[in-house]
Structure formats: structure tokens, C-alpha cells
Amino acid sequence: MSRRKQIYEGKAKILYEGPEPGTLVQYFKDDATAFNAQKKAVLDGKGVLNNRISEFVMMRLAEIGIPTHFIKRLNMREQLIKKVEIIPLEVICRNVAAGTMAKRLGMEEGTKLPRSVVEFCLKRDDLGDPLISEDHIHTFGWATPGELDEMIAMTLRINDYLQGMFGGIGIKLIDFKIEFGRLDVQMDNGVTAHQVILADEISPDSCRLWDRETDRKLDKDRFRRDLGEVTEAYTEVATRLGILKEANNKSAPKLSVVSNDD
Ligand code: CDP
């Protein structure tokens, strides 16, 4: 691993050069950060869990026709992905008011929204990822109108699917954040075109997930709000998704990985 060239180090992941051109290796760290990295901790096993959960979600989304950067999982902490040019936007989709939306609009957390809402934030840590409008995106050229339409359509489709997927295991999808990238695609006529594909990760780090019966938080808010049992909650999500074996719940994720070959 150390012989590979590191391309980028983020708060929770590292990207290395991949084995073939056009590929990267995405390594999931145990590091947790919140409030623009003002709060930090190392959560034993978080990276392993997020690698597995994100793999699972990306594979399910690929099955319903969402193009993603995920190629295959390499080991407990790494996955092979397609190299893309990341579009500098965080696309947030919300079904229930929570976090910054609840705060910004003075809504009680847990209020169901009349319909799903898509928001955009500019990916700029130094500015605290500010909320922006579609007009900002057009004006400053962060994405083309066509790319924006595709991102919105994919986000709503992903939301629809994930609400059903998590609903089936007794979990409410409150909100989530996704990122997209541009992939160079060689057309038949030799022209290179850009395809917008889902990138980054989808995990309890980037979603709000509440138990349907108790509203217990099964996501990164446990870390942000010092609720404790963070990796236990992530393990619970993985277990309910069928990624980890029930019996090994306590000792997961080290020994309890279910084979992916089924
Ligand atoms: O999470 P926070 O309260 O700071 O902001 P939010 O806008 O309420 O977050 C909406 C959703 O996007 C939550 O599921 C967050 O976990 C996720 N998010 C993220 O993954 N990364 C960010 N930089 C900001 C939000």
C-alpha cells in the first residue's frame, strides 16, 4: 500500500493511484470529523464499515441503472473506483427536516417535509461548504445546465430507491449528501464526451438514518452530538443490510464479513 502514489487525502478517505489508467483506489480511514474538522476522533472500525456499506449501496444503485464510480472492493478498507473529475458540489436530498435545514428554517427536527427537497452546497471547506442556488451554479459554471438536470434526476431516483431499501430494514432515510464526477467517455466517432456519474461514498457518514420505531440515530450525528456508540450504530446498519452476520454483531466488522459472491 505504501508504495502506491497518494493522489489526495480527505477527512475520512485517501485516494491512491489505481493499478490501471483511469482508476483510483479509495481507502476508508477510521477518522471522523465534524463541524468542518473542528471536532476529530478515530473510531475503530468505521472505515471498514463504510467501505462495506458504500460498496453495498453503490452496487444496488448500479443495478437500477445509476452510473457510479465503484468498480470493486479490493479488501476491508479499499475499493477500486473510476477516476473522475469531481463536480465541486455537495448535492443534499432531504425527506425530513434535520441538521442545518432545521436550524436555518427554524423547524423542529423530525418534521416530515411536504416533498423531498434537493439542495446544493459548494465544496469549499475554507468557506464551510455554503448553500448555493441553481443560478449560482449556472452563473459560475460549476456545472452545465444539462449536468445539473442529470444530477437532480439521479438524486431523486437514488432517494426513491434508498428510502425503499432502508425502509425495508426498519430505517428512515432522513437526508443524505452525494457527489458526482465527470467521466471521459470515448464516443464511436472518436469524440470524447463527459458522463456524469455518482462518486464519493454513501454511508452513515453522509446520510441521516433513524430507526423507524424509536427514532434512534444510526449515523454520524451520534459522533457530532456526542451520543456515543457510533461504530455500534454503523454496525447495526450493516447488519440490517445483511452485510454482517447477526451473531458477530458485537465483534464486527473484523471477522464477520459475509461473502460477496452470492
Ligand atoms: O450535517 P450537517 O448538519 O452539518 O449539515 P446538513 O446540511 O444538515 O446535512 C445534510 C446531510 O448531508 C446529512 O446527512 C449530512 O450527514 C450530510 N453531509 C455530508 O455528508 N457532508 C457534508 N459536508 C455536509 C452534509
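Here the structure is a predicted model, which means the values were calculated and not measured. In each ligand, atom 1 is the first atom listed, and ligand 1 is the first ligand listed.
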Glu119 and its side chain to side chain contact (heavy atoms under 4.5 Å, CB included) partner, picked from Val91, Ile92, Leu89
Ile92

Tell me, do Lys217 and Ile174 make a side-chain contact under 4.5 Å, heavy atoms counted?
no

Specify side chain, backbone, both or neither for Cys121, according to which of its non-hydrogen atoms lie closer than 4.0 Å to ligand 1.
neither

Given that the side chain starts at C-beta and the backbone is N, CA, C, O, which of these parts of Asp219 lies under 4.0 Å from ligand 1, counting heavy atoms, or is it both or neither?
neither

Could you list the atoms of ligand 1 found under 4.0 angstrom from a heavy atom of Cys207?
14 (O)

Quick one: look up the protein heavy atom nearest atom 4 (O) of ligand 1 and list residue, atom name and how far away it is.
Thr100 CG2, 4.0 Å

Can you tell me the protein heavy atom closest to atom 23 (N) of ligand 1 and the distance?
Glu90 OE1, 3.0 Å

Is Arg216 salt-bridged to Glu236, going by a charged N under 4.0 Å from an acidic O?
no

Check ligand 1 against Asp205 and write out every atom of the ligand that is under 4.0 Å from a heavy-atom position of the residue.
16 (O), 20 (O)

Within a radius of less than 6.0 Å around CG of Asp188, do more than 12 heavy atoms belonging to other residues, nucleotides or ligands occur?
no

Could you check atom 3 (O) of ligand 1 against the protein and tell me its nearest heavy-atom contact, residue, atom and distance included?
Arg208 NH2, 2.7 Å

Atoms in ligand 1 flagged as close to Asp129, the criterion being non-hydrogen separation under 4.0 Å
23 (N)

Any sub-3.5 Å donor-acceptor pair from Arg222's side-chain atoms to Gly228's backbone N or O?
yes

Looking at Lys177, Lys220, Arg224, the heavy atom closest to atom 16 (O) of ligand 1 belongs to Arg224

Mind checking whether Glu119 contacts ligand 1 via backbone (N, CA, C, O), side chain (CB onward), both or neither, at a 4.0 Å heavy-atom cut-off?
neither

Atom 14 (O) of ligand 1: closest protein heavy atom, distance to 0.1 Å, is Asp175 OD1, 2.6 Å

Closer than 4.0 Å to some heavy atom of Ile92 - which atoms of ligand 1 meet that?
7 (O), 10 (C)

Lys NZ or Arg CZ of Arg60 over Phe56 ring: under 6.0 Å, within 45°:
yes

Main-chain N/O of Ser203 paired with Lys220 side-chain donor or acceptor, under 3.5 Å:
no

Would you please determine whether Arg94 falls within less than 4.0 Å of ligand 1 on a heavy-atom basis?
yes

So does Arg208 pair up with Asp219, basic N to acidic O under 4.0 Å?
no

So how far is it from Arg73 CZ to Ser54 OG, rounded to the nearest 0.5 Å?
12.0 Å

